[in-house]
Protein chains: 2
Amino acid sequence: MAAALAIVEVEGADALSMRRLASDLGVTTTSIYWHVGNREQLVVAVVELHAERQARASVTGRTPRERVHSSAVNIWRSARAHRNVTALASSIGATTLLELPLEVAVLAELEAAGVRGAAARDALQAFLGCIAGFLVTAWRPPGERPDGLRPEQVWGRVSDPRVPRATIRAVARPADLDRLAERTLRAVVDGFVPEAARGGTR
Amino acid sequence: MAAALAIVEVEGADALSMRRLASDLGVTTTSIYWHVGNREQLVVAVVELHAERQARASVTGRTPRERVHSSAVNIWRSARAHRNVTALASSIGATTLLELPLEVAVLAELEAAGVRGAAARDALQAFLGCIAGFLVTAWRPPGERPDGLRPEQVWGRVSDPRVPRATIRAVARPADLDRLAERTLRAVVDGFVPEAARGGTR
DNA sequence: ACCTGAACACCGTTCAAGT
DNA sequence: ACCTGAACACCGTTCAAGT
């Protein structure tokens with residue numbers, strides 16, 4: 001698992017193949033199968049190993065809303081810091097597994113903010129959806145985009161009488177994804193967590 | 001391109017291989033290369049064909065905010081309705097290309113709401129991030145999740161003194177993603193589009 | 001201009017056989 | 001219990017050769 005995780009962290013999720021891992025371990029491909037079953041189970045085990053290794057992040061903020069936001073931003077930062085592992089997890093639909101302790105922390109802050117049950121589930125899913133989305137857009141560094149798909153090329157062909165050219169030009173330039181992700185999470189938190197009744201400190 | 005799009009729509013993004021497409025066309029794999037260059041360029045062309053075929057969706061709502069929300073929901077619904085093509089586009093980072101006309105419609109409504117330039121760019125990116133994220137979670141139907149990754153299994157192992165068990169149980173159950181996506185978009189729109197100064201009708 | 005056949009360097013997976 | 005070798009059925013891509 002450690003060898004597999006190392007491959008992913010250094011060379012990306014696609015670099016993790018059964019043959020590659022076997023050769024790193026000085027062993028035959030078929031030996032891997034005896035130990036882990038198949039590639040999907042290997043990935044699950046790698047993601048679980050990574051989750052164990054993650055330090056718990058601390059939550060800041062005075063109001064319940066601020067603390068919910070802070071705990072959600074922790075997930076974003078952790079996922080972004082280990083984007084290769086996040087990409088691996090998302091390729092088999094295991095993002096939930098990757099950030100489980102941080103997700104529990106969000107649920108704890110939601111509880112403190114008076115959001116529980118299905119409402120807490122919805123809020124958490126909304127946070128996770130936004131985070132996953134920003135990673136999908138942030139994953140692909142500008143340089144490695146395929147030909148003809150760089151934003152300035154795509155948007156350079158667009159013109160619409162309802163949209164000023166200054167806006168089109170702005171869309172073609174890259175946004176500050178970190179700031180934008182945290183601001184978006186702020187908006188979603190505000191939409192799903194009621195304002196503190198008495199602005200209680202904690 | 002039509003043959004390739006048909007494969008994707010019926011059998012999913014992974015089913016589109018150069019060899020499979022060639023055999024569908026009764027031709028050799030290498031012929032494809034003469035026409036499209038490589039797989040990435042093939043995918044770009046397929047996505048562009050799909051975008052051309054999409055009907056323009058209409059925007060509803062009385063206030064500028066409502067119209068922005070409506071135009072963003074159009075993107076969500078279109079992406080979700082053609083999830084196989086969306087998965088294909090996102091696999092090469094071409095989601096922008098897929099929904100370009102609908103994105104321009106969002107920019108037009110943002111302009112009408114007084115949001116332009118970099119602020120419009122940020123708002124559009126926030127919408128697209130949320131939509132992409134919900135698709136990443138919605139793509140994988142419950143049945144095709146790998147063993148040990150079904151929500152009730154993952155969350156069944158979780159227990160935390162700060163989180164009531166009713167909340168854990170709720171998280172293990174699937175959410176109504178359609179409703180949740182539209183509600184999340186509502187929250188993001190509210191965060192990025194100022195309330196109408198005089199509640200003007202349009 | 002358009003298509004083919006053969007080849008290269010990869011994949012995940014299975015299965016009988018070894019120790 | 002653990003590992004190997006050979007094989008099957010796939011990939012994307014290149015390149016010389018055909019018409």
Side-chain angles (χ1 to χ4, degrees), chain A residues 1-49 84-85 87-94 97 139-141 143-149, chain B residues 1-49 84-85 87-94 97 139-141 143-149:
Chain A
M1 299 314 140
L5 188 52
I7 294 173
V8 171
E9 274 174 336
V10 175
E11 295 171 55
D14 289 345
L16 178 63
S17 76
M18 307 302 268
R19 282 173 162 87
R20 167 64 196 280
L21 175 60
S23 103
D24 277 19
L25 293 169
V27 100
T28 318
T29 307
T30 39
S31 306
I32 312 281
Y33 281 86
W34 193 89
H35 286 279
V36 300
N38 60 28
R39 184 172 191 274
E40 196 164 68
Q41 289 168 261
L42 170 67
V43 170
V44 169
V46 168
V47 169
E48 279 171 337
L49 173 62
N84 283 349
V85 187
L88 181 73
S90 110
S91 74
I92 63 154
L97 215 57
W139 273 340
R140 207 165 294 266
E144 85 181 42
R145 269 179 211 279
D147 276 355
L149 287 187
Chain B
M1 298 312 139
L5 188 51
I7 292 173
V8 171
E9 274 173 337
V10 176
E11 296 171 55
D14 289 345
L16 178 62
S17 75
M18 306 302 269
R19 282 173 161 87
R20 167 65 197 280
L21 176 59
S23 104
D24 276 19
L25 293 169
V27 99
T28 317
T29 308
T30 40
S31 307
I32 312 281
Y33 282 87
W34 194 90
H35 285 280
V36 300
N38 59 29
R39 186 175 191 273
E40 195 164 70
Q41 290 168 262
L42 170 68
V43 171
V44 169
V46 168
V47 170
E48 280 171 338
L49 173 62
N84 283 350
V85 187
L88 181 72
S90 109
S91 74
I92 62 155
L97 215 58
W139 273 341
R140 205 166 295 269
E144 86 180 44
R145 269 181 212 276
D147 274 355
L149 287 186

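Heavy-atom basis, side chains included; hydrogens, waters and symmetry copies ignored. Just so it is clear: chains get the letters A, B, ... in the order the sequence lines come, proteins before strands, and each one is counted from 1. Remember, it's a predicted structure, so these values are computed and weren't measured experimentally.
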Asker: Nearest heavy-atom pair of Val47(B) and Ala89(B): which atoms, and what distance?
Answerer: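 That would be CG2-CB, 3.8 Å.
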Asker: What distance do Met18(A) atom CE and Thr30(A) atom OG1 have between them, rounded to the nearest 0.5 Å?
Answerer: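 If I round to the nearest 0.5 Å, the distance is 10.0 Å.
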Asker: Rounded to the Å, how far apart are Arg19(A) CZ and dA6(D) P?
Answerer: 14 Å
Asker: Report the distance from atom CZ of Arg39(A) to atom C1' of dT13(C), rounded to the nearest whole Å.
Answerer: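 Interatomic distance, CZ of Arg39(A) to C1' of dT13(C): 13 Å.
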Asker: How long is the line joining CD1 of Ile32(A) and C1' of dG12(C), in whole Å?
Answerer: 13 Å
Asker: Between dA9(D) and dC10(C), how many Å separate the two P atoms, rounded to a whole number?
Answerer: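 To the nearest whole Å, 22 Å.
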Asker: Quick one, which residues of residues 3-14 of chain A touch DNA chain D with a heavy atom under 4.0 Å?
Answerer: none
Asker: Which residues pass the side-chain hydrogen bond (donor to acceptor under 3.5 Å, both in side chains) test with Arg20(B), not counting sequence neighbours?
Answerer: Glu11(B), Asp24(B)
Asker: Taking the C1' atom in each of dC3(C) and dA16(D), what is the distance between them to the nearest angstrom?
Answerer: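 Taking atom C1' in both dC3(C) and dA16(D), they lie 13 Å apart.
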Asker: Are the side chains of Leu25(A) and Ile32(A) in contact, using a 4.5 Å heavy-atom criterion?
Answerer: yes
Asker: When Watson-Crick pairs (N1 to N3 and N6-O4 or O6-N4) and G-U wobble pairs (N1-O2 and O6-N3) count only below 3.5 Å on both distances, what is the dot-bracket string of DNA chain D, with | for other-strand pairs?
Answerer: ||.|||||...|||||.||
Asker: Which heavy-atom pair separates Ala4(B) from Val46(B) by the least distance, and what is that distance?
Answerer: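 That would be CB-CG2, 3.5 Å.
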Asker: Can you check whether Ala87(A)'s main-chain N or O pairs, donor with acceptor, with Asn84(A)'s side chain at less than 3.5 Å?
Answerer: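 Such a contact is absent between Asn84(A) side chain and Ala87(A) backbone.
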Asker: Could you note down all residue pairs passing salt bridge (charged side-chain N to carboxylate O under 4.0 Å, His left out) where residues 32-42 of chain A supplies at least one of them, sequence neighbours left out?
Answerer: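 Every candidate salt bridge (charged side-chain N to carboxylate O under 4.0 Å, His left out) pair involving residues 32-42 of chain A fails, so no pair, neighbours aside, qualifies.
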Asker: Side-chain contact test, heavy atoms from C-beta onward, threshold under 4.5 Å: evaluate it for Asn38(B) versus Leu42(B) and give yes or no.
Answerer: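 No, too far: nothing below the 4.5 Å cut-off.
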Asker: Who pairs with Ala45(B) by side chain to side chain contact (heavy atoms under 4.5 Å, CB included), at least two apart in sequence or on another chain?
Answerer: Met1(B)
Asker: Whole-Å distance between dA17(D) P and Tyr33(B) OH?
Answerer: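 So the OH-P distance, Tyr33(B) to dA17(D), works out to 21 Å.
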Asker: Using whole Å, report how far CD of Gln41(A) lies from P of dG12(C).
Answerer: 14 Å
Asker: Return the CD1 to CG distance between Ile7(B) and Leu88(B), rounded to the nearest 0.5 Å.
Answerer: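 If I round to the nearest 0.5 Å, the distance is 11.0 Å.
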Asker: The test is side chain to side chain contact (heavy atoms under 4.5 Å, CB included); show your working for Leu21(A) and Thr29(A) and say whether it passes.
Answerer: CA-CA 8 Å; Leu21(A) 175 60; Thr29(A) 307; over 6 Å; no
Asker: Over how many whole Å does the gap from Met18(A) atom CE to dC10(C) atom P extend?
Answerer: 18 Å
Asker: Could you run down the sub-3.5 Å N/O contacts of the protein with nucleotides 1-4 of chain D?
Answerer:
{"residue": "dC3(D)", "atom": "OP2", "partner": "His35(A)", "partner atom": "NE2", "Å": "2.5"}
{"residue": "dT4(D)", "atom": "OP2", "partner": "Thr28(A)", "partner atom": "N", "Å": "2.7"}
{"residue": "dT4(D)", "atom": "OP2", "partner": "Thr28(A)", "partner atom": "OG1", "Å": "2.6"}
{"residue": "dT4(D)", "atom": "OP2", "partner": "Ser31(A)", "partner atom": "OG", "Å": "2.6"}
{"residue": "dT4(D)", "atom": "O5'", "partner": "Thr28(A)", "partner atom": "OG1", "Å": "2.8"}

